[in-house]
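Reviewing the structure listed below.
Treat the numbers as computed from the prediction; the structure is a model and nothing was measured. Atom set for the values below is all heavy atoms of this structure, side chains included, hydrogens, waters and symmetry mates excluded.
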Amino acid sequence: MLSVFRRFIRSKFGAFAALIFLGIVAAAFILGDISSGNFGSSLGSGETAAKAGGSRLTQTELQDRVQRVFENARRSNPGLQIGDFLAQGGAAQVYDQLVASLTLKEYAHDQKVHISKRLVDAQIAQIPAFQDAAGNFSQENFRQLLLRERITEQALRDDISREILERQMLAPIALGVKLPDSVVLPYASLLLEARQGTIAAVPASAFNDIKDPTDAQLNDFYKANATRYTIPEQRRIRYAVVDAERFAQAAQPTDAEITASYNQNKAAYAPRESRSFEQLILPTEAAAKAIAAQVKGGKSLAAAAQGAGLSVSTLADESREALAAASSAAVANAGFAAKQGELVGPLRGSLGWVLLRVTAVKTTPARALAAVRDEIIATLRSQKEKRLLNDFTGKIEDQIANGGSFEEVVKDNGLKLETTPFLLSSGKQVENVAYEPPADVKPLLAPVFGMSQDDDAQLIPITADKRYALAAPGDIQAAAPPPLAKIKPLVAMQYKLAQGNEKAKALAEQIRAKVAKGMKLADAVKGAGIPLPTPQTVGGRRADILRDGQRPPAQIAMLFAMAPGSVKTLPAGEDRGYFIVQLDGIKRGDAGSDKALLNQVRDQLSDVAGQEYGQQFERAVEKELGVKRNANAVASVQRALANANNGGQ
């Protein structure tokens with residue numbers, strides 16, 4: 001509900017600038033860069049985009065980072081085009097972030113603030129990409145990922161150090177921000193405000209007198225609206241699958257290996273005994289003896305414990321070793337020496353005096369080699385397949401790192417080269433809407449669409465430790481509109497709709513003017529000269545309309561941005577017509593007695609205020625250090641990226 005305040009303050013791409021204020025940004029941002037395949041590629045050449053003290057940001061570094069942020073954004077929104085990203089301020093946001101980072105780094109140097117290696121190590125260990133299946137840091141995963149992505153460890157550490165530094169310097173500024181009621185109350189009361197209005201629609205389709213366009217008109221309209229028909233970039237994906245089944249025969253264990261594995265793990269196949277217990281732990285030996293006496297007198301352990309206001313716990317299928325670790329060796333030995341149903345104790349345990357009653361005894365006989373042979377074979381085969389697969393994929397990665405081309409690596413390793421038809425980043429085909437990419441292709445879409453055509457091939461997991469694909473972009477069709485002849489009926493229809501939209505705009509303005517002079521909206525609509533939908537009365541509280549961050553229709557939202565008694569027109573969008581919106585009444589809200597709402601809004605606004613303090617601090621430091629910005633930096637990078645991405649990557 002309260003996310004409306006964030007939308008008031010932040011732009012669509014505000015998340016990029018906010019990166020420096022988030023607590024866990026380092027790992028998230030680094031992971032995004034790693035997946036793009038370009039992380040850490042800070043090139044030190046190029047014209048200066050910004051300078052702070054002895055440090056500078058180059059145009060090349062700025063362009064590289066903007067490209068990577070765009071690629072990361074496109075992973076969550078595959079239809080995002082570079083033109084849209086740049087038009088909505090993406091490059092400027094990234095530039096501001098990098099200048100802030102450069103400024104704070106230089107300021108920290110002046111103040112002798114240092115980020116320790118241990119702190120960077122801890123941050124690296126938290127990055128999921130470097131962890132094994134158990135969630136622990138894996139040096140092998142770390143090494144292989146850096147090698148595959150051609151990242152130096154120092155470049156990774158530099159970026160993490162910078163993010164930690166920003167967090168440490170800016171986070172304290174936002175601590176303790178507490179806004180008074182005089183600031184919070186107006187915003188909280190806005191959420192309780194209720195408004196009522198009337199909305200009329202003038203659809204573009206209501207005008208039936210639009211003539212079919214001439215070829216010249218249609219061609220001009222098509223050229224002027226080319227972006228509307230632009231098909232996003234399409235790519236063929238070249239790939240070769242490496243499957244663990246390739247090594248099935250080589251992974252078959254020998255009799256000697258099976259026997260050796262059995263002997264090495266004899267303890268797992270030896271006879272075992274596990275027991276289940278009722279357990280009661282008491283603080284004193286006297287209390288434990290009193291309970292034990294009641295049990296010996298005929299009470300159950302549970303009943304005796306209940307009489308003392310206590311309850312027993314149950315231990316199921318405990319081994320001797322597990323019981324000893326949880327209590328003591330003496331307790332475990334006594335528990336496994338007793339017969340089923342017997343009470344053991346009181347004995348001294350790690351947490352107090354222990355009483356145990358044996359409730360079940362389970363004995364597992366020893367298993368001979370013949371009985372577990374198939375189990376051992378399956379385990380050894382899986383282990384050998386994984387090892388052979390890792391060795392094989394490591395060899396492929398080394399070949400690529402040493403300059404081997406995609407075709408050479410595929411041929412040298414006996415792989416089968418496959419090529420998809422032209423696909424969108426979603427995996428769909430323009431010409432065949434029913435097309436579904438094969439299962440092996442789906443995991444390749446995001447990585448391959450994030451690569452440049454001259455990038456090295458990447459080894460991409462399809463099923464971890466089982467199936468991989470060596471993949472690279474094939475032919476690339478830049479984003480472009482199709483030939484007019486191919487979509488002529490659609491363009492002709494939209495031409496007529498656009499003409500109708502212009503008439504709808506003029507008629508909506510006439511109706512608005514009449515209503516502004518005192519005519520009722522319903523009467524003005526009836527006298528429009530063409531059949532129009534009946535005006536609708538709408539309204540509600542701001543909090544209800546914006547509940548859970550939902551974005552209301554534009555014509556509803558406009559009601560909450562109008563002056564009392566006013567009437568306005570609003571385009572419906574996509575040449576669909578116009579709305580006439582009249583605000584009929586306002587019922588002011590008062591959150592003075594709603595302490596819960598006040599506190600909620602206070603928390604929201606305090607977060608925003610804290611971030612604003614951080615931004616003001618950065619600007620003050622920038623001014624103090626005399627940071628110099630290149631006024632043309634963002635524009636130059638935007639032109640370069642638009643050209644590099646062919647307007648549609």
List the steps and the verdict of side chain to side chain donor-acceptor pair (under 3.5 Å) for Gln453 and Asp475.
-> CA-CA 8 Å; Gln453 196 160 29; Asp475 298 329; 5.0 Å; no
Is there a salt bridge (charged side-chain N to carboxylate O under 4.0 Å, His left out) between Glu431 and Lys486 once you walk through the steps?
-> CA-CA 11 Å; Glu431 302 292 341; Lys486 206 165 188 177; 2.9 Å; yes
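When only modelled atom types and interatomic distance are considered, Glu612 and Gln616 share a side-chain donor-acceptor pair under 3.5 Å. Defined by atom type and a distance below 3.5 Å, a donor-acceptor pair is missing between the side-chain atoms of Asp575 and Gln499. Side-chain polar atoms of Gln494 and Tyr229 form a donor-acceptor pair below 3.5 angstrom. Between the side chains of Thr198 and Asp584, at least one donor N or O lies within less than 3.5 Å of an accepting N or O.
With contacts defined as side-chain heavy-atom distances shorter than 4.5 Å, the pair Val567/Val581 does not qualify. In this structure the side chain of Tyr187 never reaches within 4.5 angstrom of the side chain of Gln604, judged on heavy atoms. Looking at Leu98 and Leu62, their side chains come closer than 4.5 Å, going by heavy atoms from C-beta outward.
In this structure, Leu470 CG and Glu397 CD are separated by 9.5 Å, a value rounded to the nearest 0.5 Å. One distance of note links OH of Tyr239 with CG of Asp440; it measures 6.0 Å at 0.5 Å rounding. We find the CD1-NZ distance between Ile530 and Lys503 to be 9.0 Å, quoted to the nearest 0.5 Å. Once rounded to the nearest 0.5 Å, the distance linking CG of Asn225 with OG1 of Thr230 reads 10.5 Å. Rounding to the nearest 0.5 Å gives a distance of 13.0 Å between CD of Gln582 and NZ of Lys568. With rounding to the nearest 0.5 angstrom, the NZ atom of Lys526 is 11.0 Å from the CG atom of Leu521.
Annotation: salt bridge (Lys or Arg N to Asp or Glu O under 4.0 Å) contacts of Lys466 (sequence neighbours excluded): none.
Judged by distance alone, the side chain of Asn413 and the main-chain N or O of Leu415 form no donor-acceptor pair under 3.5 Å. When atom types are taken as modelled, the side chain of Arg542 and the backbone of Leu190 share a donor-acceptor pair closer than 3.5 angstrom. Side-chain atoms of Arg236 never come within 3.5 Å of backbone atoms of Thr419 as a donor-acceptor pair (strictly under, hydrogens ignored). The backbone N or O of Leu192 sits nowhere less than 3.5 Å from a side-chain atom of Arg588 that would complete a donor-acceptor pair. A donor-acceptor pair is defined here as one N or O able to donate and one able to accept, closer than 3.5 Å; no such pair exists between the side chain of Ser452 and the backbone of Asp455.
Residues Val99 and Ala50 come closest through the heavy atom pair CG2-CB, 3.8 Å.
Lys428 and Glu436 are joined by a salt bridge, as a carboxylate oxygen and a charged side-chain nitrogen come within less than 4.0 angstrom of each other. A salt bridge is defined here as a Lys NZ or Arg NE, NH1 or NH2 lying under 4.0 Å from an Asp or Glu carboxylate O, and Arg56 with Glu61 fails to meet this definition. Ion pairing between Arg541 and Asp544 holds under the 4.0 Å rule for side-chain N and carboxylate O. In this structure, Asp96 does not pair ionically with Arg619, as no charged nitrogen and carboxylate oxygen lie closer than 4.0 Å. Using a 4.0 Å cut-off between charged side-chain N and carboxylate O, Glu509 and Arg512 make a salt bridge.
Cation-pi check for Arg235 over Phe422 is not met; the charged atom does not lie both under 6.0 angstrom from the ring centroid and within 45 degrees of its normal.
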